[in-house]
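Taking it in order: structure first as structure tokens, then the write-up.
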Amino acid sequence: MATIRPLRIDETEAALRMKNQGWRQAYRGKVREEVLDGLDDGIEAIAEAWRQGFDESGSVPLVAVNDDGAIVGIAAGGEARGDNPPAAVELFMLYVLEEYYGTGLGRALADAAIGDAAACVWVLEGNERAIAFYRKLGFAPDGEREQLSERWNGLHEIRMVRAACAVEPPRISASASGSQLTGE
């Protein structure tokens with residue numbers, strides 16, 4: 001069980017460490033080990049940059065917090081970036097720790113971040129697990145592909161798009177501190 005709520009400013013470093021762990025789990029074998037091993041280098045500066053852009057009344061990442069208070073998932077969505085995006089909304093990031101794969105937490109985070117809006121998301125090409133997950137949420141590749149920086153071994157990401165929601169909403173219940181995931 002996990003509670004989904006907005007990230008608090010005092011949690012930025014913990015949230016970044018969780019996101020980095022999610023990267024290590026999702027991209028091991030796809031990205032050079034030294035890149036993954038060095039993700040936490042300079043995390044204090046990155047956390048400070050996040051805090052500088054923090055707007056408690058506006059768009060902040062959402063986190064999933066387990067019963068022990070640890071951040072186990074993170075998601076963010078908002079106005080789509082780029083020229084002529086295929087949808088007004090973009091899912092910018094969604095990571096859950098490996099032990100939460102298949103629990104419904106990723107779906108609940110996506111729903112909390114972008115609701116049932118028509119949306120787009122960029123996914124690492126060849127990350128079949130993520131592509132299958134987004135397909136379950138109604139996304140499909142639209143043919144757009146971009147090369148990532150050399151840090152990403154010259155890999156590509158593909159854009160996936162969905163129409164306004166054709167997916168079954170996750171079963172979450174509201175609570176005073178956020179939304180409670182009740183299962184898949």
Passes side-chain contact (heavy atoms from CB on, under 4.5 Å), Leu137 versus Arg107? Steps please. CA-CA 7 Å; Leu137 297 184; Arg107 179 183 286 262; 3.7 Å; yes
Please step through side-chain contact (heavy atoms from CB on, under 4.5 Å) for the pair Val35 and Tyr27, ending with a clear verdict. CA-CA 10 Å; Val35 170; Tyr27 303 131; over 6 Å; no
Name every donor-acceptor pair, under 3.5 Å, that has one atom in a side chain of residues 76-85 and the other anywhere in the protein, sequence neighbours excluded.
| unit_1 | atom_1 | unit_2 | atom_2 | d |
| --- | --- | --- | --- | --- |
| Arg81 | NE | Glu90 | OE1 | 3.3 |
| Arg81 | NE | Glu90 | OE2 | 3.3 |
| Arg81 | NH2 | Glu90 | OE2 | 2.5 |

Decide yes or no for Glu144 and Ile158: does some side-chain heavy atom of the first lie under 4.5 Å from some side-chain heavy atom of the second? no
Determine the minimum heavy-atom distance between Gly102 and Arg129, stating which atoms define it. N-NH2, 4.3 Å
Separation between CZ of Phe92 and CD1 of Ile114, rounded to the nearest 0.5 Å: 10.5 Å
Taking only residues two or more places apart in sequence or in another chain, which ones pass side chain to side chain contact (heavy atoms under 4.5 Å, CB included) with Ala113? Leu62, Ala75, Leu91
Asp142/Arg162 ion pair, N-O < 4.0 Å: no
Nearest atoms (heavy-atom pairs only) where Val31 meets Asn153: CA-ND2, 3.5 Å
Which label fits Tyr95 and Trp23: parallel for a plane angle under 30°, tilted from 30 to 60°, or perpendicular past 60°? tilted
Side chains of Pro86 and Arg159 in contact at under 4.5 Å (non-hydrogen atoms): yes
Run the side-chain contact (heavy atoms from CB on, under 4.5 Å) test on Val72 and Leu105 for me, step by step, so that the C-alpha distance in whole Å, both residues' side-chain angles and the decisive distance to 0.1 Å come before the verdict. CA-CA 9 Å; Val72 297; Leu105 183 58; 3.9 Å; yes
Between the side chain of Asp40 and the main-chain N/O of Ile43, is any donor-acceptor distance below 3.5 Å? no
Donor-acceptor list for residues 119-127 side chains, cut-off 3.5 Å, not counting sequence neighbours:
| unit_1 | atom_1 | unit_2 | atom_2 | d |
| --- | --- | --- | --- | --- |
| Glu125 | OE1 | Arg145 | NE | 3.2 |
| Glu125 | OE1 | Arg145 | NH2 | 3.0 |
| Glu125 | OE2 | Arg145 | NE | 2.9 |
| Asn127 | OD1 | Ala130 | N | 3.3 |

Quick check: closest heavy atoms across Leu94 and Gly106, and the distance to 0.1 Å? CD2-O, 3.7 Å
With rounding to the nearest 0.5 Å, note down the distance linking CD1 in Ile4 to CD1 in Ile74. 12.0 Å
Quick one: side chain to side chain contact (heavy atoms under 4.5 Å, CB included) partners of Val65, sequence neighbours excluded? Arg5, Val63, Ile71
By salt bridge (Lys or Arg N to Asp or Glu O under 4.0 Å), Glu34 pairs with (sequence neighbours left out) Arg32
How long is the straight-line distance from CD of Glu13 back to CD of Glu11, given to the nearest 0.5 Å? 12.0 Å
The side chain to side chain contact (heavy atoms under 4.5 Å, CB included) partners of Glu98 (sequence neighbours excluded) come to Gln25, Tyr101
For Gly22 and Leu97, the nearest pair of non-hydrogen atoms, with its separation, is N-CD2, 4.1 Å
Shortest non-hydrogen contact from Val89 to Ala118? CB-O, 3.5 Å
Check whether Asp116 reaches the backbone of Ala164 with its side chain - one donor and one acceptor, N or O, closer than 3.5 Å. no
Distance col, row Glu146:CD vs Glu157:CD, nearest 0.5 angstrom, shows 5.5 Å
Same hydrophobic cluster for Met18 and Phe133, using side-chain heavy-atom links shorter than 4.5 Å among ILVMFWY? yes
Show the numbers, then the answer: is there a side-chain contact (heavy atoms from CB on, under 4.5 Å) between Arg135 and Ile131? CA-CA 6 Å; Arg135 283 186 187 281; Ile131 291 168; 3.9 Å; yes
